[in-house]
K.L.:
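This is the structure I have questions about; it appears just below.
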There are 2 protein chains.
Amino acid sequence: MATSIHISLDHKCYLREPESTELGKKIISESIRLINALGFEQFTFKKLGAEIGSTEASIYRYFENKHKLLVYLVSWYWAWVDYTVMFQTHNISDPRKRLCRALEVLTKAGQDDDPNIAYIDERILYRIVVAESSKVYHTKEVDAENKEGYFLEIKRLCRRLAQMVLDLNPAYPYPHALISTVMDAAHQQMYFAKHLPSLTDIKDTQHPEEETKDFLKHLLFSTIDSIQYKSKQSNHG
Amino acid sequence: MATSIHISLDHKCYLREPESTELGKKIISESIRLINALGFEQFTFKKLGAEIGSTEASIYRYFENKHKLLVYLVSWYWAWVDYTVMFQTHNISDPRKRLCRALEVLTKAGQDDDPNIAYIDERILYRIVVAESSKVYHTKEVDAENKEGYFLEIKRLCRRLAQMVLDLNPAYPYPHALISTVMDAAHQQMYFAKHLPSLTDIKDTQHPEEETKDFLKHLLFSTIDSIQYKSKQSNHG
DNA sequence: TATTTATAATAGCATTACTATCATAAAAGT
DNA sequence: ACTTTTATGATAGTAATGCTATTATAAATA
């Protein structure tokens with residue numbers, strides 16, 4: 001991850017490409033800081049404008065509204081995680097080790113201390129994704145936005161990881177469901193550890209990501225392994 | 001569930017108890033319909049007032065804002081599921097069968113066709129919870145609201161189910177994390193089946209709850225069973 | 001040099017998210 | 001029967017939000 005890479009999105013949730021101008025990059029970098037500080041509900045384009053010494057109207061030329069900006073940030077995050085997973089796993093031939101490595105990337109995405117893109121702080125972005133990302137698809141516009149391709153990045157990562165599950169056990173019948181559950185839980189458990197500790201066993205001390213990884217690693221491999229190859233039925237129930 | 005029961009909350013997210021008056025009950029029943037129809041973002045107290053032939057100001061006497069109304073609805077839902085789980089499992093002595101039954105209640109909560117409370121449509125409420133419930137704790141006020149007891153109902157259910165996990169295998173180290181993951185996934189997978197099918201293997205045809213139940217049953221029991229009693233370490237890694 | 005493009009500055013407007021006041025009808029207390 | 005409280009409705013008002021439109025100007029490009 002030392003050399004400069006470029007993360008590009010598969011869709012256009014923006015009006016003008018933020019990467020192409022100074023103001024656009026400032027919008028991205030400061031919105032990450034401001035959404036993290038205020039929470040998405042309290043965040044407005046007016047406040048963002050004030051923060052970057054620009055105006056509401058100027059920001060509206062880049063994004064139709066704050067929801068589409070959040071779609072951009074979350075999509076960028078998933079594209080970045082997908083790239084990192086691909087990079088970190090492509091030369092691991094053992095399917096079990098490969099999936100294990102991928103899970104490590106997923107759970108440690110908030111620990112990244114080697115930023116690629118000068119104007120994107122991945123560690124703060126990670127916190128936004130943990131706290132706010134479910135809001136990008138929990139809206140009445142989800143079907144229309146899905147058609148526009150707004151969720152292609154997370155789908156691509158899900159497909160990649162589901163394939164890793166099948167590489168390990170081609171008989172497992174729910175690879176996408178299992179992966180989306182794990183992807184979600186990786187964030188959810190970190191959030192619970194911090195804010196709703198009764199809903200988890202992960203402690204918000206020292207290395208919660210490590211504990212979350214252990215929890216999910218066991219869950220993931222137990223689930224995959226307990227389906228017999230060439231048998232689609234489990235022995236439970 | 002035939003005889004009339006009463007679901008009461010462990011906290012006060014309301015200003016005036018909605019159950020105590022006609023207007024209060026209308027606020028609850030119509031808000032369920034309206035949030036389902038418009039989505040939470042487009043839902044306002046003004047629109048609700050118009051719908052029930054009352055005014056914004058009158059509704060504000062019951063709830064400080066629409067967020068607290070959502071907290072009420074979601075808390076009511078979890079209290080109701082908790083009651084149903086308790087009722088449906090309390091005379092099952094086999095821990096495996098008991099947990100299995102509990103999981104069935106969790107995944108079939110949207111199928112309930114025997115409403116207890118005249119003014120609450122549990123089937124529509126279920127759809128609201130699936131689509132909007134994550135918004136109740138993904139806010140900047142989560143810690144303050146947690147202190148006020150706003151999440152006691154979901155915590156109680158999580159504790160109850162986690163205990164069932166331990167009854168089955170006292171050596172399993174992450175019972176709460178496992179249960180909160182499954183509770184979340186039960187809703188998430190149903191939502192994905194309908195709106196983001198690439199993120200799941202559950203098909204939105206005929207009986208998606210049944211498929212979700214099968215997926216989660218296998219995941220849950222594989223995970224619990226693969227920890228050896230008196231051994232805290234898994235053999236994966 | 002002409003022209004396009006990007007931004008800033010300002011204004012404006014409908015809606016949202018409330019709060020406050022007052023009148024009135026119903027319910028409860030004495 | 002009579003006060004008094006309580007619940008609702010009606011109306012008004014305010015600050016903030018979520019935009020859109022217009023114009024001026026500076027910078028980049030043709």
Side-chain angles (χ1 to χ4, degrees), chain A residues 12-31 34-35 37-73 119 132 135-136 138-141 144-145 150, chain B residues 12-31 34-35 37-73 119 132 135-136 138-141 144-145 150:
Chain A
K12 281 192 179 174
C13 57
Y14 48 79
L15 298 170
R16 179 173 306 173
E17 188 147 28
E19 289 184 313
S20 65
T21 66
E22 274 313 301
L23 180 62
K25 285 185 243 181
K26 265 207 244 172
I27 289 172
I28 299 304
S29 62
E30 274 308 309
S31 67
L34 205 55
I35 291 172
L38 304 178
F40 188 64
E41 279 70 33
Q42 304 306 314
F43 168 84
T44 68
F45 279 181
K46 193 165 196 171
K47 290 173 185 172
L48 177 58
E51 208 69 22
I52 63 183
S54 179
T55 62
E56 223 182 337
S58 296
I59 299 166
Y60 273 106
R61 294 210 185 83
Y62 285 82
F63 293 98
E64 266 185 68
N65 50 53
K66 69 175 181 174
H67 176 255
K68 304 227 170 178
L69 170 57
L70 185 64
V71 170
Y72 183 91
L73 296 177
Y119 63 96
E132 319 280 6
K135 293 166 190 170
V136 308
H138 283 145
T139 71
K140 274 288 158 183
E141 294 78 37
E145 296 190 343
Y150 285 15
Chain B
K12 282 190 180 177
C13 58
Y14 48 79
L15 298 170
R16 180 173 305 172
E17 187 148 26
E19 289 183 315
S20 65
T21 65
E22 275 313 301
L23 179 62
K25 285 184 244 180
K26 266 207 245 172
I27 289 172
I28 300 305
S29 62
E30 275 308 308
S31 68
L34 205 55
I35 291 172
L38 305 177
F40 188 65
E41 278 71 34
Q42 302 307 313
F43 168 83
T44 68
F45 279 180
K46 193 165 197 171
K47 291 173 186 171
L48 177 59
E51 207 70 23
I52 63 183
S54 180
T55 62
E56 223 182 339
S58 297
I59 299 166
Y60 272 107
R61 292 205 185 88
Y62 285 82
F63 292 98
E64 266 185 68
N65 52 52
K66 68 175 182 172
H67 176 256
K68 304 225 169 177
L69 170 56
L70 186 64
V71 171
Y72 182 91
L73 296 177
Y119 63 94
E132 318 281 7
K135 293 167 191 170
V136 307
H138 283 143
T139 71
K140 273 287 158 185
E141 295 77 35
E145 297 191 343
Y150 286 15

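Reminder, nothing fancy here: chain letters follow the sequence lines and each chain counts from 1. No hydrogens, no waters, no symmetry mates; every other heavy atom, side chains included, goes into these values.
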K.L.:
Using a 3.5 Å distance criterion without hydrogens, assess whether the side chain of S58(B) forms a donor-acceptor pair with backbone atoms of S54(B).
P.N.:
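Not a single qualifying donor-acceptor pair exists.
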K.L.:
Give the rounded distance in Å between these two atoms: CG of L15(A) and C1' of dC19(D).
P.N.:
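Interatomic distance, CG of L15(A) to C1' of dC19(D): 13 Å.
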K.L.:
Is a salt bridge present between K135(A) and E41(A), judged by a nitrogen-to-oxygen distance below 4.0 Å?
P.N.:
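Yes, charged N to carboxylate O under 4.0 Å.
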K.L.:
Other residues, nucleotides and ligands only: do more than 12 of their heavy atoms fall within 6.0 Å of NZ on K46(B)?
P.N.:
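Count not over threshold, so no.
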K.L.:
Can you measure E41(B) atom CD to dA17(C) atom P for me and round it to whole angstrom units?
P.N.:
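The answer, rounded to whole Å, is 10 Å.
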K.L.:
Can you tell me how far P of dT8(D) sits from NZ of K26(B), to the nearest Å?
P.N.:
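Taking NZ of K26(B) and P of dT8(D), I get 10 Å after rounding.
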K.L.:
Output the rounded distance in Å from NZ (K46(B)) to P (dT15(C)).
P.N.:
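In whole Å, dT15(C) P lies 8 Å from K46(B) NZ.
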K.L.:
Without swapping roles, check the side chain of S31(B) against the backbone of I27(B) for a donor-acceptor pair under 3.5 Å.
P.N.:
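A pair under 3.5 Å: yes.
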K.L.:
Closer than 4.0 Å, any side-chain N/O of R16(A) to the OP1 or OP2 of dT7(C)?
P.N.:
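For dT7(C), OP1 or OP2 has a side-chain N or O of R16(A) closer than 4.0 Å.
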K.L.:
Look at the side chain of K140(A) and the backbone N and O of Q42(B), then say whether any donor-acceptor pair between them is shorter than 3.5 Å.
P.N.:
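Here the side-chain-to-backbone pair does not exist.
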K.L.:
Rounded to whole angstroms, how far apart are CG on L23(B) and P on dA26(C)?
P.N.:
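After rounding, the reported distance stands at 16 Å.
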K.L.:
Does L73(B) reach the side chain of V136(B), with side-chain heavy atoms less than 4.5 Å apart?
P.N.:
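Side-chain contact under 4.5 Å: no.
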K.L.:
Between the protein and nucleotides 28-30 of chain D, which nitrogen or oxygen pairs are less than 3.5 angstrom apart?
P.N.:
none

K.L.:
Taking 4.0 Å as the cut-off, does a side-chain nitrogen or oxygen of T44(B) come that near to OP1 or OP2 on dT15(C)?
P.N.:
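No.
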K.L.:
Rounded to whole Å, how long is the line connecting atom CZ of F40(A) with atom C1' of dT17(D)?
P.N.:
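Atom-to-atom, F40(A) to dT17(D), this comes out as 13 Å.
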K.L.:
Round to a whole Å and report the spacing from CZ of F45(B) to P of dT16(C).
P.N.:
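Distance, rounded to whole Å: 13 Å.
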K.L.:
Taking atom types as modelled, is there a side-chain donor on E19(A) or Y119(A) under 3.5 Å from an acceptor on the other?
P.N.:
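There is such a pair between these side chains.
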K.L.:
In residues 53-70 of chain B, which ones come under 4.0 Å of DNA chain C, going by heavy atoms?
P.N.:
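Listed by number, they are E56(B), A57(B), Y60(B), R61(B), E64(B), N65(B), K66(B).
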K.L.:
Describe, in one word, how the ring planes of F43(B) and F40(B) are oriented to each other, choosing from parallel (under 30°), tilted (30 to 60°) and perpendicular (over 60°).
P.N.:
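Parallel: the ring planes of F43(B) and F40(B) meet at under 30°.
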K.L.:
Using whole Å, what does the distance between atom C1' of nucleotide dC19(D) and atom CD of Q42(B) come to?
P.N.:
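Rounded to the whole Å, the gap is 13 Å.
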K.L.:
When you compare the side chains of T55(A) and Y60(A), does any donor N or O come within less than 3.5 Å of an acceptor on the partner?
P.N.:
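Judged by distance alone, the side chains do not pair up.
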